[in-house]
Colleague: 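Structure below; questions to follow.
Every chain is numbered from 1, with letters handed out A, B, ... down the list of sequences. Any value given below was found using the heavy atoms of this structure, including those in side chains, with hydrogens, waters and symmetry copies removed.
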There are 2 protein chains.
Amino acid sequence: MPKETFFNLSPEKRSHILETAISEFAERSYTGFSITHMVTRAGIAKGSFYQYFENKLDLYRYLLLNVWVERKTSFLKSRLPPSGDGFFGAVRHLLLTGIAFGLSQPRMAAMFRPVLSPWAGDEELGALQQETLAYQRASFLNLIEQGQAQGQVRRDLNLETAADLLMAITRDGIDRAMSRIMGMTLVELCARPKRAAEFDEEDRAALVDEVVDLLRRWLGVSAGAPAETAGGGIDIDALADTRPVREGP
Amino acid sequence: MPKETFFNLSPEKRSHILETAISEFAERSYTGFSITHMVTRAGIAKGSFYQYFENKLDLYRYLLLNVWVERKTSFLKSRLPPSGDGFFGAVRHLLLTGIAFGLSQPRMAAMFRPVLSPWAGDEELGALQQETLAYQRASFLNLIEQGQAQGQVRRDLNLETAADLLMAITRDGIDRAMSRIMGMTLVELCARPKRAAEFDEEDRAALVDEVVDLLRRWLGVSAGAPAETAGGGIDIDALADTRPVREGP
DNA sequence: TAGTCATGTGACCAGGCAGTCACGTGACCG
DNA sequence: CGGTCACGTGACTGCCTGGTCACATGACTA
């Protein structure tokens, strides 16, 4: 957690430092991130950095557990799922919202990829990654169970394996497809954020519809079973990447 | 490509250097790999390294495009798929074989993850990764088309998207599930390779069956359609990660 | 024996890094 | 006015890195 000194800074300066750090992390990855380089770019002295943060990991953790979480939850709350579309309709909305958020924050999406994906990467991030993945898994498990409770997801599933595959499809699969469709990686997108518009609403809907179609065929109760379409929303907490955390002192 | 000097070495010394390099790459990742550290561990002088290889990337490329490919193709050829199980039976065998190979080569599986997964990671690997991913995508597309030609995979699919999702399910999904079941990451498995046995044949079959069940529901022609079970094998080239490459001079 | 050539070697150089610390600055207070 | 306190600063240390290069070694040849 950052030191008190950091929170005594003016909001503008604080934000300036964080934005610079986000850019650096996105462009150079966690390992490539150099404190020396970042402070030069931000126009502050290296000594100041150590009056704000313990070290690189402290800064990264703060960006993940506070900044990212805060932005994501507020984004999601501004686009609440329409109720009445049933479970898969809610999932569809969830995926579309997730894509929109990622495109609106490409730098953060890029810098947190190693910790939101099951890729070991930097040893230093191991603990953080394990914690985050565990929380995501729990969220996805919860999601499937909600679908079952609503009678729209079959019950003869191995829940644990289903959660793994569901994560792979909705995270890795969509990532892969987006990279292909946009013809660039996430890091390249950061350099040209306007290109995100080329992947327009129509393309996004087409992709998500393919994915939801897969999910319906895989998870949906077989045709002919009692379709219990009543309700059918999903708990918004199921979308979170990490346990909600409070702002620092 | 390594220099001539390297290929003039005795097979034992050559192999010793490569094995040391593989361990170092697996334990410290590409960015963390230090030539200085590796040569010390291998017991050779740093000057010698530069008489064998151009630099770190040269060594890494060679390990991927030659050593890995060679071992994988020979492994796959030693376990040819039984014909007669139809398309999904062949896919099942493919997945089981892939898992067995990965567990038999955990260090290489770990060191090549960034280049076989759509994770940008080290800028230096960007070109190599792009090339490899493109080749894999082509293989998966080919696989789906074979299934369609055999009448066992539905034709109303967006092929491109289907390939992305198929890759996510069979690579990322299985990776995620294996990490969960074994309770450790790939890197940790390298330190205790005997633990691979705890993920026994039965567990593997259970996991793969879940995945194949998903694929059947998603891709399979709807029940009642003409089941053209004739033939049903798959071309073994569809399994490759990279374009086949010849051994150096 | 003298010479040639491929190979082996490690001290050395320049550059980048994280983290420290003695000092500078300026606002506020008694 | 002097003193205190929070914050800002950048030179400095110690470490590790990739890559080079002048020299050593030893086999083989004329």
Colleague: Could you give the CZ-to-P distance, from A:Phe49 to C:dC17, as a whole number of Å?
Modeller: 13 Å
Colleague: Please determine whether a side-chain nitrogen of the Lys or Arg among A:Arg107 and A:Glu19 lies less than 4.0 Å from a carboxylate oxygen of the Asp or Glu.
Modeller: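 So A:Arg107 pairs with A:Glu19 through a salt bridge.
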Colleague: So which pairs with a foot in residues 50-63 of chain A pass salt bridge (charged side-chain N to carboxylate O under 4.0 Å, His left out), sequence neighbours left out?
Modeller: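 Counting only pairs at least two positions apart or across chains, no salt bridge (charged side-chain N to carboxylate O under 4.0 Å, His left out) contact touches residues 50-63 of chain A.
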Colleague: For D:dC7, take OP1 and OP2 only and decide whether either is under 4.0 Å from a side-chain N or O of A:Lys13.
Modeller: no
Colleague: Should B:Trp68 and B:Thr73 count as side-chain neighbours, where that means a heavy-atom distance under 4.5 Å?
Modeller: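 A side-chain contact under 4.5 Å is absent here.
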Colleague: Would the distance check show the side chain of B:Ser78 and the main-chain N or O of B:Phe75 forming a donor-acceptor pair, the cut-off being under 3.5 Å?
Modeller: yes
Colleague: Would you say A:Thr36 reaches C:dG16's phosphate, i.e. side-chain N/O to OP1/OP2 under 4.0 Å?
Modeller: no
Colleague: Nearest heavy atom decides the nucleotide; on that basis, is A:Gly47 or A:Ile35 closer to the 5' end of DNA chain C?
Modeller: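 Final value for this comparison: A:Ile35.
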Colleague: Could you tell me whether the phosphate oxygens of C:dA18, OP1 or OP2, come under 4.0 Å of any side-chain nitrogen or oxygen in A:Ser34?
Modeller: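 True: A:Ser34 side-chain N/O within range (under 4.0 Å) of C:dA18 OP1/OP2.
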Colleague: Whole-Å distance between C:dC5 C1' and B:Glu4 CD?
Modeller: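 It works out to 13 Å between those atoms.
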Colleague: Can you tell me the distance, in whole Å, between the CD1 atom of A:Ile44 and the P atom of D:dC7?
Modeller: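 For the pair A:Ile44 CD1 and D:dC7 P, the rounded distance is 14 Å.
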Colleague: For B:Leu57, does its backbone N or O pair with a side-chain atom of B:Glu124 as donor and acceptor, under 3.5 Å?
Modeller: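 No.
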Colleague: Measuring from the side chain of B:Tyr50 (C-beta onward, heavy atoms only), which nucleotide among D:dG8, C:dT9, D:dG19 has the closest atom?
Modeller: D:dG19
Colleague: Please determine if a side-chain N or O atom of B:Ser48 lies less than 4.0 Å away from the OP1 or OP2 oxygen of C:dT9.
Modeller: yes
Colleague: Please determine, for the side chain of B:Leu9, which listed nucleotide (C:dG8, D:dT17, D:dT9) has the closest atom?
Modeller: C:dG8
Colleague: When you get a sec, tell me which of D:dG18, C:dT7, D:dG8 is the closest nucleotide to the side chain of B:Asn8?
Modeller: C:dT7
Colleague: Would you kindly give the CE-to-P distance between B:Met38 and C:dG10, to the nearest whole Å?
Modeller: 16 Å
Colleague: Run the numbers on A:Arg171 and B:Asp172 for salt bridge (Lys or Arg N to Asp or Glu O under 4.0 Å), then give the verdict.
Modeller: CA-CA 10 Å; A:Arg171 304 246 177 205; B:Asp172 308 320; over 6 Å; no
Colleague: Could you go step by step and tell me if A:Glu198 and A:Arg192 meet the salt bridge (Lys or Arg N to Asp or Glu O under 4.0 Å) rule?
Modeller: CA-CA 11 Å; A:Glu198 291 181 15; A:Arg192 300 179 189 77; over 6 Å; no
Colleague: What contact category does A:Lys3 fall into here, base, sugar-phosphate, or nothing, at under 4.0 angstrom with non-hydrogen atoms?
Modeller: nothing
Colleague: Can you tell me if A:Tyr52 touches the phosphate of D:dC7, counting only side-chain N or O atoms and a distance under 4.0 Å to OP1 or OP2?
Modeller: no
Colleague: Can you identify which nucleotide, out of C:dG19, D:dT17, C:dT9, has its nearest atom closest to the B:Arg28 side chain?
Modeller: D:dT17
Colleague: Sequence neighbours left out, what passes salt bridge (charged side-chain N to carboxylate O under 4.0 Å, His left out) with B:Arg204? Give chain and number order.
Modeller: none
Colleague: Starting at CD of B:Gln51 and ending at P of D:dT25, how long is that distance when rounded to a whole Å?
Modeller: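 From B:Gln51 CD to D:dT25 P: 16 Å.
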Colleague: In whole angstrom, give the distance that lies between atom CD of A:Glu124 and atom P of C:dC17.
Modeller: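 In whole Å, C:dC17 P and A:Glu124 CD are 15 Å from each other.
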Colleague: D:dC16 phosphate, OP1 or OP2: any side-chain N/O from B:Lys46 under 4.0 angstrom?
Modeller: no
Colleague: Mind running a 4.0 Å heavy-atom check of residues 53-60 of chain B against DNA chain D and sending the residues that fall below it, in number order?
Modeller: B:Asn55
